[in-house]
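FYI, the numbering just counts along the sequence from 1. Computed from heavy atoms alone, side chains included, the values below leave out hydrogens, waters and symmetry copies.
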Amino acid sequence: MNEPLILGIETSCDETGVGIVRGQTLLADAIASSVEEHARFGGVVPEVASRAHLEAMVPTIRRACETAGIKPTDVDAVAVTSGPGLAGALLVGVAAAKGLALSLDKPLYGVNHLAAHVAVDTLEHGDLPKGCVAMLVSGGHSSLLSVEDITDGVVPMGSTIDDAAGEAFDKVARVLGLPFPGGPYIDKAARDGGDRLYVKFPRGLTSQRDLERHRFDFSFSGLKTAVARWVEARRRDGEDVPVNHVAAAFQEAVCDVLTRKAIDACKDRGFEHLLIGGGVAANSRLRAMAEERCTAAGIAVRVPRPGLCTDNGAMVAALGSELVRAGRAPSPLDLPADSSMPITEVLNK
């Protein structure tokens, strides 16, 4: 039996991504980013993102097909992120996918963006374990999920109660005078001679009292505020701010909390595998700390290569492929874009 050929479209935020997958083999991963258009605003502007998706959609689909060496008529199904994400941005992708599926007379799969971040790991490491904890960390999400079958739904264990990890990276980068998006610049500053122990910044929701109510939840708002106040105090006193050291200490606090709670979640569920996805999973310190702590705890860690951690069409195609291979029924052609699509809903039915 031939493996299904799936075209996936991703437009949940500021990346127009089109991926093409055959089974679990990645054939093309074309991306058009509008991040530079948002940089001067210090964050993503929804209207700007939506317009950029409109302009980039057709060229990106064409580029992906050329890279994969296929024609659109060759695909077996079209998959698209139908939520969660920015409403206007999602609408562009969903409308494009509907038009493509209808014109090609192919089934359409409206998939969950967060579940796709889990499924993308199949393109690098093969089938997902029969039971794992997935930690998704990005600009909009910090979540711990229990995954037994990615095509049949996932169970949320915890999430962010305020700022997500990636959002905190962006805000701290702004405080330190680093460009947007903040994650890569803080990571680089920390690697360039940063002292992780220079300042002991707070670890949110890790006290015994917090753990009783928010054992698997995350909070980075207090950490962000602590960094801002520390920097403001230095500047008020006329002292230089050691950007590399502050970046390293902040990053250490984030990675400490993320890995600590992820390993605790694995132990709670009795799972021996931790999968990490989302844009912040590209962070070098998070990857190193997760590997070190998981090895000590007897847990196998799976992290896709950095290019597959950030938003892309390949992850949507990967989840679409898993759904097709599992024999799941496709979505209706009138499926909506759902900006608040719950993680328990892997496929928009």
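Residues Phe220 and Ala168 share a closest heavy-atom pair of CB-CB, 3.9 Å. The heavy-atom pair separating Pro336 from Ser82 by the smallest distance is O-CB, 3.7 Å. In this structure, Ile299 and Cys266 approach most closely via the heavy-atom pair CD1-CB, 3.6 Å. Looking at every heavy atom in both residues, Ala317 comes nearest to Gly19 through CB-O, 3.6 Å. The two residues Ser33 and Glu15 come nearest to each other via the heavy atoms CB-OE1, 3.0 Å. Taking both residues in full, the closest heavy atoms of Ala119 and Ala318 are given as O-CB, 3.8 Å, listed atom of the first, atom of the second, then distance.
A distance of 9.5 Å separates CG in Leu54 from OG1 in Thr11, rounded to the nearest 0.5 Å. Distance check: Leu205 CG to Leu211 CG gives 8.0 Å after rounding to the nearest 0.5 Å. The distance from atom CG of Asp268 to atom CD1 of Ile263, rounded to the nearest 0.5 Å, is 13.5 Å. Summarising the geometry, atom CG belonging to Leu286 is positioned 11.0 Å from atom CD belonging to Glu291; distances are rounded to the nearest 0.5 Å. To the nearest 0.5 angstrom, Leu275 atom CG is 8.0 Å from Leu136 atom CG. Atom OG1 of Thr60 sits about 11.0 Å away from atom CG of Asp29, to the nearest 0.5 Å.
In this structure, Glu47 pairs ionically with Arg51, as a charged nitrogen and a carboxylate oxygen lie closer than 4.0 Å.
With hydrogens and angles disregarded, a donor-acceptor distance shorter than 3.5 Å links the side chain of Arg63 to the backbone of Ile31. Checking side-chain atoms of Arg22 against main-chain N and O of Leu5 turns up no donor-acceptor pair under 3.5 Å. Asp192 places no side-chain N or O within donor-acceptor distance of the main-chain N or O of Ala189, the cut-off being under 3.5 Å. A donor-acceptor pair under 3.5 Å is formed between the side chain of Ser34 and the backbone N or O of Asp14. A donor-acceptor pair is defined here as one N or O able to donate and one able to accept, closer than 3.5 Å; no such pair exists between the side chain of Thr160 and the backbone of Ser142. Within the 3.5 Å criterion, the main-chain N or O of Ser159 finds a donor-acceptor partner in the side chain of Asp217. At least one donor-acceptor pair under 3.5 Å links the side chain of Asn312 to the backbone N or O of Thr310. Checked by atom type and distance alone, the side chain of Asp76 never pairs as donor or acceptor with a backbone atom of Ile6 at under 3.5 Å. Side chain of Asp237 to backbone of Glu239: no donor-acceptor contact under 3.5 angstrom is found. Lys224 contributes no side-chain N or O that, together with a main-chain N or O of Asp163, makes up a donor-acceptor pair within less than 3.5 Å.
In this model, a donor atom of one side chain and an acceptor atom of the other lie less than 3.5 Å apart for Asp187 and Ser284.
No side-chain heavy atom of Leu108 sits under 4.5 Å from any side-chain heavy atom of Pro330. Annotation: side chain of Leu26 is in contact with side chain of Leu308 (closest heavy-atom distance under 4.5 Å). Taking 4.5 Å as the limit, some side-chain heavy atom of Pro181 sits within range of a side-chain heavy atom of Val35. In this structure, Asn283 and Cys255 have side chains that are in contact, with non-hydrogen atoms separated by less than 4.5 Å. Side-chain contact between Pro72 and Cys65: present, with at least one pair of heavy atoms (C-beta onward) separated by less than 4.5 Å. Residues Leu128 and Thr122 have side chains in contact (heavy-atom distance under 4.5 Å, counting atoms from C-beta outward). Looking at Lys171 and Val175, their side chains never come closer than 4.5 Å, going by heavy atoms from C-beta outward.
Under a hydrophobic clustering in which Ile, Leu, Val, Met, Phe, Trp and Tyr are joined whenever their side-chain heavy atoms come within less than 4.5 Å, directly or via other members, Ile276 and Leu145 fall into different clusters. Note on Val324: it does not cluster hydrophobically with Val78, by side-chain heavy-atom contacts below 4.5 Å among ILVMFWY residues. By the rule that hydrophobic residues join a cluster once side-chain heavy atoms approach within less than 4.5 Å of another member, Val316 and Leu347 end up as members of one cluster. Clustering ILVMFWY residues whenever any of their side-chain heavy atoms sit less than 4.5 angstrom apart, transitively, puts Leu27 in a cluster other than the one holding Met315. Linking Ile, Leu, Val, Met, Phe, Trp and Tyr residues whenever their side-chain heavy atoms come within less than 4.5 Å leaves Val120 and Met135 in two separate clusters.
Atom CD of Glu36 sits in a sparse spot, with 12 or fewer heavy atoms from other residues, nucleotides or ligands closer than 6.0 Å. Arg293 CZ: more than 12 foreign heavy atoms inside a 6.0 Å radius.
Listed by first and then second residue, the ring-ring contact (aromatic ring centres under 6.0 Å, His included) pairs involving residues 31-83 amount to none (not counting sequence neighbours). Identified under the side-chain hydrogen bond (donor to acceptor under 3.5 Å, both in side chains) test for residues 88-105, with sequence neighbours left out: none. Legend: ring-ring contact (aromatic ring centres under 6.0 Å, His included) pairs involving residues 168-195, not counting sequence neighbours, sorted by first then second residue: Phe169-Phe250. Within the structure, ring-ring contact (aromatic ring centres under 6.0 Å, His included) contacts touching residues 89-133 (residues at least two apart or in different chains) are His113-His117.
Listed by chain and number, the residues in a side chain to side chain contact (heavy atoms under 4.5 Å, CB included) with Arg325 are Glu3, Pro4, Gln24, Asp127, Ser321, Glu322 (sequence neighbours excluded). Partners of Arg287 under the side chain to side chain contact (heavy atoms under 4.5 Å, CB included) rule, at least two apart in sequence or in another chain, are Val303, Pro306, Cys309. Residues satisfying the ring pair (Phe, Tyr, Trp, His ring centres under 6.0 Å) criterion with His214, sequence neighbours excluded, are absent altogether. Remark: Asp162 engages Ser219 in a side chain to side chain donor-acceptor pair (under 3.5 Å) (not counting sequence neighbours). When the side chain to side chain donor-acceptor pair (under 3.5 Å) test is applied to Arg305, no partner is found at least two apart in sequence or on another chain. By the side chain to side chain donor-acceptor pair (under 3.5 Å) test, Arg229 pairs with no residue at all, sequence neighbours left out. Remark: Glu148 engages Arg269 in a side chain to side chain donor-acceptor pair (under 3.5 Å) (not counting sequence neighbours).
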Evaluate side chain to side chain contact (heavy atoms under 4.5 Å, CB included) for Ser12 paired with Asp311, printing each intermediate quantity in order. CA-CA 8 Å; Ser12 67; Asp311 292 348; 3.7 Å; yes

Run Thr206 and Asp210 through side chain to side chain contact (heavy atoms under 4.5 Å, CB included) and show every step you take. CA-CA 6 Å; Thr206 57; Asp210 285 330; over 6 Å; no

Intermediate values then yes/no, side chain to side chain contact (heavy atoms under 4.5 Å, CB included), Val147 and Phe271: CA-CA 10 Å; Val147 183; Phe271 291 157; over 6 Å; no

Which pairs would a plain distance check flag for residues 86-97, meaning a side-chain donor or acceptor within less than 3.5 Å of a matching protein atom at least two apart in sequence or in another chain?
none

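Each of Lys200, Arg203, Arg285, Lys261 was checked for a salt bridge (charged side-chain N to carboxylate O under 4.0 Å, His left out) with Asp256, and the lone residue meeting it is Arg203.
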